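Quick notes on the structure that follows.
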Number of protein chains: 2
Amino acid sequence: MNKFSLCPRYEIAFSILGKKWTGLIIRCLLDGPKRFSDLSELIPHLSAKVLADRMKELEQLKLVNRTVYPEIPVKIEYSLTEQGRDLEQTLHAVQAWAEKWITVDCK
Amino acid sequence: MNKFSLCPRYEIAFSILGKKWTGLIIRCLLDGPKRFSDLSELIPHLSAKVLADRMKELEQLKLVNRTVYPEIPVKIEYSLTEQGRDLEQTLHAVQAWAEKWITVDCK
DNA sequence: ATTTTTTAATTACTTTATGTAAGTATCATA
DNA sequence: TATGATACTTACATAAAGTAATTAAAAAAT
């Protein structure tokens, strides 16, 4: 066996995608910018606390932009950066795998 | 409890890949069968405890086979099932994304 | 006969992540 | 004054992951 550890990049990449809810959030944003409440509705088992945590992380990682529109009431939109959108192939691959292998009623 | 709403398959898929270390373990196994100690060496920041937990989960999910060779000392090999190997495209997509966007020294 | 070695874990304990329910801040309208 | 909408935050509880030491089985070494 070779004894070299994996490239740190992969560990970093998997430490992002390997967090609960991250993949689903980014997948939702692939459809276009979304508000906090949109994401909450689209992913109903994701709590406001964890959604807030994830959006902060994704913003810091530069995968997501947070834009404030000073309307009344204030409107905040989350959208993918180029780096975030570039996960599209990855997430589509997950989707294809899920459709092939996971058997559940799916409307 | 386990009410999956959006597309249940998709939530289930991310509940597997969205666990820490799962992606890296499967990626290692894409290179061929590996022993417990091989995986430990390949993923040095992964503890024996969590590796054992993950291998049990992946075996139950039918993504990984566990084969016991009654040699002395006993040899146990983990290999991907067809379902597990079929994550190759997904993991290669993650790898491509990591290589494009994550900048780290990588020997 | 007892100790050591090897592989593949397990155990006890600590720390971090996530879940749950309620509360906060801001501004506008009734 | 009270209520409603949006986007969170807070306090607390449980689940998952990290750490270090220990175990089991069998052969080999002392």
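Everything numeric here is computed off the predicted structure, so don't read it as measured data. Proteins come first, then strands; the chains are lettered A, B, ... in the order of their sequence lines, and each starts at number 1.
- Atoms CG (B/Leu51) and C1' (C/dA8) sit 10 Å apart, rounded to a whole Å.
- B/Tyr78 comes within 4.0 angstrom of sugar-phosphate atoms only, judged by non-hydrogen atoms across all strands, and of no base.
- For the pair B/Val50/B/Lys20, no side-chain contact is recorded, criterion being any heavy-atom separation below 4.5 Å from C-beta on.
- As rounded to whole Å, 10 Å separates atom P of D/dC8 from atom CG of A/Leu39.
- Ranked by how close their nearest DNA chain C nucleotide is to the 5' end, B/Val74 and A/Lys20 are led by B/Val74.
- For the residue pair A/Tyr10/B/Glu99, the side-chain donor-acceptor check at 3.5 Å is satisfied.
- Look at A/Arg54 and you won't find any side-chain N or O under 4.0 angstrom from OP1 or OP2 of C/dG19.
- Counting to the nearest Å, the C1' atom of D/dT6 and the OH atom of A/Tyr69 are 16 Å from each other.
- Contacts of A/Ser47 with the nucleic acid, taken as non-hydrogen atoms under 4.0 Å apart, include base atoms.
- Distance B/Ile25 CD1 to D/dA17 P: 10 Å, rounded to the nearest Å.
- Inter-residue side-chain proximity for B/Leu17 and A/Val94 is flagged as met; some heavy-atom pair is nearer than 4.5 Å.
- Between the side chain of A/Lys34 and the backbone N or O of A/Gly32 there is at least one donor-acceptor pair closer than 3.5 Å.
- Remark: C1' of D/dA27 and NZ of B/Lys75 are 18 Å apart, rounded to the nearest angstrom.
- Side-chain atoms of A/Ala52 lie closest to D/dT9 of the nucleotides C/dA9, D/dA7, D/dT9.
- With axes fitted over five pairs at each extremity, the angle between the ends of the helix from C/dA1-D/dT30 to C/dA30-D/dT1 is 30° (10° resolution).
- Note: CG (A/Asp53) to C1' (D/dT10) measures 12 Å, nearest angstrom.
- Side-chain atoms of A/Ser37 lie closest to D/dA7 of the nucleotides C/dT10, D/dA7, C/dA8.
- At a cut-off of 3.5 angstrom, the base of C/dA9 holds no donor-acceptor pair with the side chain of B/Lys49.
- Residues passing the salt bridge (Lys or Arg N to Asp or Glu O under 4.0 Å) test with A/Lys75, sequence neighbours excluded: A/Glu77.
- In this structure, A/Arg35 does not reach the D/dT6 phosphate: none of its side-chain N or O atoms is under 4.0 Å from OP1 or OP2.
- Between A/Trp21 and C/dA17 there is no side-chain N or O to OP1 or OP2 distance below 4.0 Å.
- Using a cutoff of 4.0 Å between basic side-chain nitrogens and carboxylate oxygens, A/Glu88 and A/Arg85 are not scored as salt-bridged.
- A donor-acceptor pair under 3.5 Å links the side-chain atoms of B/Trp97 to the main chain of A/Gln83, judged by distance alone.
- Counting heavy atoms from C-beta on, the side chains of B/Val64 and B/Arg54 never come closer than 4.5 Å.
- Using a 4.0 Å cut-off, some side-chain N or O of B/Lys56 falls inside it from OP1 or OP2 of C/dT10.
- The distance from atom CD of B/Glu59 to atom C1' of C/dA9 is 13 Å, rounded to the nearest whole Å.
- Of the candidate nucleotides C/dT6, D/dA17, D/dA5, D/dA5 has the atom lying nearest to any side-chain atom of A/Pro73.
- Rounded to an integer number of Å, the gap from CZ of B/Phe36 to P of C/dT6 is 17 Å.
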